[in-house]
There are 2 protein chains.
Amino acid sequence: MGERNTLGRRDTLGRRDTLGRRDTLGRRDIVRAALTIVESDGVKSLTMRKLAADLGVAVTAIYWHIGNRDALLDALIEEEMAGWNAIRPTGSSSQARIVSFARVLRKRLLARRNIVEMVSERGLIFDIFIPTYEVLAGEFLSAGLDESQAALAVRTIQHHVVGAVVLQRRVEGHPQGRAASSVASKTVSKTVSKSEELGEFPDEASVVTKLALAIPTEKVFEYSTKLLVASLLAN
Amino acid sequence: MGERNTLGRRDTLGRRDTLGRRDTLGRRDIVRAALTIVESDGVKSLTMRKLAADLGVAVTAIYWHIGNRDALLDALIEEEMAGWNAIRPTGSSSQARIVSFARVLRKRLLARRNIVEMVSERGLIFDIFIPTYEVLAGEFLSAGLDESQAALAVRTIQHHVVGAVVLQRRVEGHPQGRAASSVASKTVSKTVSKSEELGEFPDEASVVTKLALAIPTEKVFEYSTKLLVASLLAN
DNA sequence: ACCTGAACACCGTTCAAGT
DNA sequence: ACCTGAACACCGTTCAAGT
């Protein structure tokens, strides 16, 4: 499978003719072109045939260099991972710095949503967080947590931020959830009438439901992040 | 597109011959068979051709009843949604009941992971939570929160649980993350040496990193849920 | 060493045709 | 009204063949 190009790693990427056009195809040309497609149109749009067309070669040329589509995705992820470095949070208090850290990381991830989607589909979404383990651990340690507390705190932030991003990715794009339409609204009214029958909870409950549905995900993230960080620090 | 079977909704599902075999194909037969495939093998395995083979009909018969693959997925989701009812949490204190609620919901969602994956791919993952809005809102209200606080609290729990499930789905199955292998470990050691260069944080930071990587996601969920609920209730 | 073209087994979808 | 068969345009992948 991968034995073809293990020696030939000298990567002919730079070899170009007098006009600057690519002379012979290189592994990096392929990865670059593939990343471009994923960035703009998502993983699903990355077909071997489209990629070949973009590069102006036959499909089979890609197979020679990369192996197959799976290996191509691996290559994309390796390339992507290399570009992720640690985030340096800003702020005076530990609290403020960790919250800002979470905010910045979330923004970065959302900025590359299509790539993140690809990474996440391969089960490697956690790994993108690893470069920042040290800096976050340092923050919690200097805030007075012991090592095992800090470890749990780091993982908690990781889950919180990455979970939020993956979730967001799945909510957007689609008609902003059917929160107020068809299936969902049917379910809501069904639940409302059921709890009214049972008379277990006050009528305010359905008021809360309506309020809750109107809260933008961004605000939920802000709120829960602050809460979480505050209680992580209050050991 | 959908005008074919809008009147013919009498759904011939029950029509069977003397041996109990299906006589003529019905919409519900199709949905049921499709759900079975998704449950056991995931959405990707649900191809129109395989479904037709399972049902013992030509592919085009499905198109007559359903429309196309997209409409089929819609039908599956509608069926699935109808089966989701509210969760009744157990426990004496509000704290304990809300935590148990989160735990149970997570378990339920993980038990139907392939279906949840499908729902989530269609951007409807939030809606599966809606039947439980009322009961959760009631808990927070009777714990003393006002309506807008309760609304935020409900959404926070929703994000927390659903985010955790979606995340989990993306981490498992794959070689349990490359947390200790190839790409990731390279990144870790790079980060370690970098922070050593900078000398910004104590050496214990990398100890924390190792500890953090070893924590199972289940434990992270337990820990962060308790923290979150506790601080949501301490208004 | 590097690339092409033809071919295979799979998709989703459409359409004319049967009963 | 309900279902079939053939066909089309797409996939990923393999392989013999060219230079």
Side-chain angles (χ1 to χ4, degrees), chain A residues 1-17 21-31 33-34 37-38 41-76 118 121, chain B residues 1-17 21-31 33-34 37-38 41-76 118 121:
Chain A
M1 182 175 278
E3 74 270 343
R4 283 162 162 170
N5 205 22
T6 28
L7 291 181
R9 282 212 187 279
R10 53 187 176 72
D11 268 342
T12 44
L13 80 149
R15 211 185 287 167
R16 295 174 179 265
D17 69 8
R21 287 167 313 180
R22 191 188 54 250
D23 185 15
T24 126
L25 186 67
R27 207 185 134 90
R28 315 236 344 194
D29 300 304
I30 296 174
V31 171
I37 294 178
V38 175
D41 299 330
V43 217
K44 284 195 175 177
S45 300
L46 176 61
T47 72
M48 303 302 271
R49 292 177 134 99
K50 164 150 181 47
L51 180 56
D54 283 6
L55 288 165
V57 297
V59 215
T60 43
I62 295 171
Y63 281 85
W64 194 91
H65 282 99
I66 300 282
N68 56 12
R69 191 171 184 270
D70 238 52
L72 174 60
L73 292 184
D74 278 340
L76 294 195
M118 177 189 68
E121 262 181 4
Chain B
M1 183 174 277
E3 75 271 346
R4 282 161 163 171
N5 205 23
T6 30
L7 291 182
R9 281 213 188 279
R10 54 188 176 70
D11 268 342
T12 44
L13 79 151
R15 210 184 286 166
R16 295 175 178 264
D17 69 9
R21 288 167 312 179
R22 191 188 53 252
D23 185 16
T24 125
L25 187 66
R27 207 186 132 89
R28 314 235 346 191
D29 300 304
I30 296 174
V31 170
I37 294 178
V38 174
D41 298 331
V43 218
K44 285 195 174 176
S45 299
L46 176 62
T47 72
M48 304 300 273
R49 293 178 135 98
K50 164 149 182 47
L51 179 56
D54 283 6
L55 287 164
V57 297
V59 214
T60 43
I62 296 173
Y63 282 86
W64 194 90
H65 282 99
I66 300 283
N68 56 13
R69 190 170 185 271
D70 237 52
L72 174 60
L73 292 184
D74 278 339
L76 294 195
M118 177 189 69
E121 263 180 4

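Owing to the predicted nature of the structure, the values given are computational and were not obtained by experimental measurement. Naming: A, B, ... by sequence-line order, numbering from 1 per chain.
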**OP:** Report the C-alpha separation of B/Leu73 and B/Val43 in whole Å, then their side-chain angles, then the decisive distance to 0.1 Å, and conclude whether the side chain to side chain contact (heavy atoms under 4.5 Å, CB included) test is met.
**Re:** CA-CA 9 Å; B/Leu73 292 184; B/Val43 218; 4.1 Å; yes

Subject >> Length of the CG-C1' vector between B/Asp70 and C/dC11, whole Å >> reply: 15 Å

Original post:
Out of curiosity, B/Thr47 OG1 to B/Arg69 CZ, how far, rounded to the nearest 0.5 Å?
Top reply: 8.0 Å

Original post:
How far apart are the C-alpha atoms of A/Thr60 and A/Trp64, what are their side-chain angles, what is the distance that settles it, and do they pass the side chain to side chain contact (heavy atoms under 4.5 Å, CB included) test?
Top reply: CA-CA 6 Å; A/Thr60 43; A/Trp64 194 91; over 6 Å; no

Original post:
In whole angstrom, what separates B/Arg27's CZ from D/dC3's C1'?
Top reply: 18 Å

**OP:** Taking all heavy atoms of B/Ser45 and all of B/Ile37, pick out the closest pair and write down the distance.
**Re:** O-CG2, 3.7 Å

**OP:** Return the value, rounded to whole Å, for the distance between atom CG of A/Asn68 and atom P of D/dC11.
**Re:** 17 Å

Subject >> Length of the line joining B/Asp29:CG and D/dC2:P, which is rounded to integer Å >> reply: 12 Å

**OP:** Tell me the stems DNA chain D sits in, counting at least three consecutive Watson-Crick or G-U wobble pairs, each under 3.5 Å on both distances.
**Re:** C:4-8 with D:12-16, C:12-16 with D:4-8

Original post:
Nearest-Å distance, OH (A/Tyr63) to C1' (D/dA16)?
Top reply: 17 Å

Original post:
Would A/Met48 and A/Leu72 count as a side chain to side chain contact (heavy atoms under 4.5 Å, CB included) if you check the C-alpha gap in whole Å, the side-chain angles of each, and the deciding distance to 0.1 Å?
Top reply: CA-CA 9 Å; A/Met48 303 302 271; A/Leu72 174 60; 4.2 Å; yes

**OP:** Using whole Å, report how far CG of B/Leu55 lies from P of D/dC3.
**Re:** 10 Å

Original post:
If you round to the nearest 0.5 Å, how far is CG of B/Leu46 from CG of B/Leu76?
Top reply: 6.5 Å

**OP:** Summarise protein proximity over nucleotides 4-9 of chain C in one line of letters, 5' to 3': B for base, S for sugar-phosphate only, - for none, counting protein heavy atoms closer than 4.0 Å.
**Re:** BB-B--

Original post:
Are the side chain of B/Asp29 and the backbone of B/Gly26 linked by a donor-acceptor contact shorter than 3.5 Å?
Top reply: yes

Original post:
How many angstroms lie between CG in B/Leu51 and CD1 in B/Ile62, if you round to the nearest 0.5 Å?
Top reply: 3.5 Å

**OP:** May I have the distance from A/Lys44 (atom NZ) to D/dG12 (atom P), rounded to whole angstrom?
**Re:** 13 Å

Original post:
B/His65 has a side chain; which of D/dG12, D/dC3, C/dC3 sits nearest to it?
Top reply: D/dC3

Subject >> Rounded distance in Å - CZ (B/Arg69) to P (C/dT13) >> reply: 8 Å

**OP:** Compare every heavy atom of A/His65 with every heavy atom of A/Leu25, then report the nearest pair and how far apart it is.
**Re:** O-NE2, 3.0 Å

Original post:
Between A/Thr47 and D/dC11, is there a side-chain N or O to OP1/OP2 distance below 4.0 Å?
Top reply: yes

